[in-house]
Every structure is written in C-alpha cells, then in structure tokens.
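Only this structure's heavy atoms are used, side chains among them; waters, hydrogens and symmetry mates stay out. As the structure is a prediction and not an experimental result, all values here were calculated from the model.
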Amino acid sequence: MNQPMKLSLEQQFSICSFSTQVQHMSHEQAKDFLVKLYEQMVVREATYQELLKHQWGLDSGSTMA
C-alpha cells in the first residue's frame, strides 16, 4: 500500500462538506463530535473483526476438525 487510495468524486465532495460543517462548530462541539466519531470507528473496527472471524470460521462457536 505505497500509493494513496484514490477517492471517488462523491467521497471527495463528502469530505469537503464535512470540512465545512466542522468549520461552523464551536470548539466544544468539535471536541464532542470527535469523541463520538472515534467511538464509532472503534465499534466499526470491532464489528469488522467479528465478521471476519465468523467468515473465516475463527469464532469460538465454530468446530474445526
């Protein structure tokens, strides 16, 4: 992964829109938002890990012979 990932035009627009929204937030609103965003990222990562474990048969409920 040496090359940066190319974003679609829609993704680029979404980032610009997000940037504009953040510019209009107070410092306190931005800090609260950042904490919530980080929490969502952690939950998403945990969800992906669980889905991969299940998909690959590595979850505790699977029986491998």
Flag side-chain contact, heavy atom, 4.5 Å: L9 against F13: no
Approximate separation, where rounding is to 0.5 Å, of T47 OG1 and L52 CG: 11.0 Å
Residues that Q49 engages under side-chain contact (heavy atoms from CB on, under 4.5 Å), provided they are two or more places apart: E45
side-chain hydrogen bond (donor to acceptor under 3.5 Å, both in side chains) involving S8 - partner list, sequence neighbours excluded: Q11
Inter-residue atom distance S19.OG - H24.NE2, 0.5 Å rounding: 9.0 Å
Atom pair NE2 (H27) and CG (D32), whose distance is rounded to the nearest 0.5 Å: 10.0 Å
Under-4.0 Å salt bridge between K31 and E28: yes
Verdict with reasoning, K53 to E50, per salt bridge (Lys or Arg N to Asp or Glu O under 4.0 Å): CA-CA 5 Å; K53 281 182 192 177; E50 288 301 313; 3.5 Å; yes
Single-linkage hydrophobic cluster V43~L37, side-chain heavy atoms < 4.5 angstrom: no
Test side-chain hydrogen bond (donor to acceptor under 3.5 Å, both in side chains) applied to S26 - qualifying residues, sequence neighbours left out: Q29
ILVMFWY cluster, V42 and V35 together (side-chain gap under 4.5 Å): no
Residue pair Q12 / L7: nearest heavy atoms and the distance that separates them: NE2-O, 3.0 Å
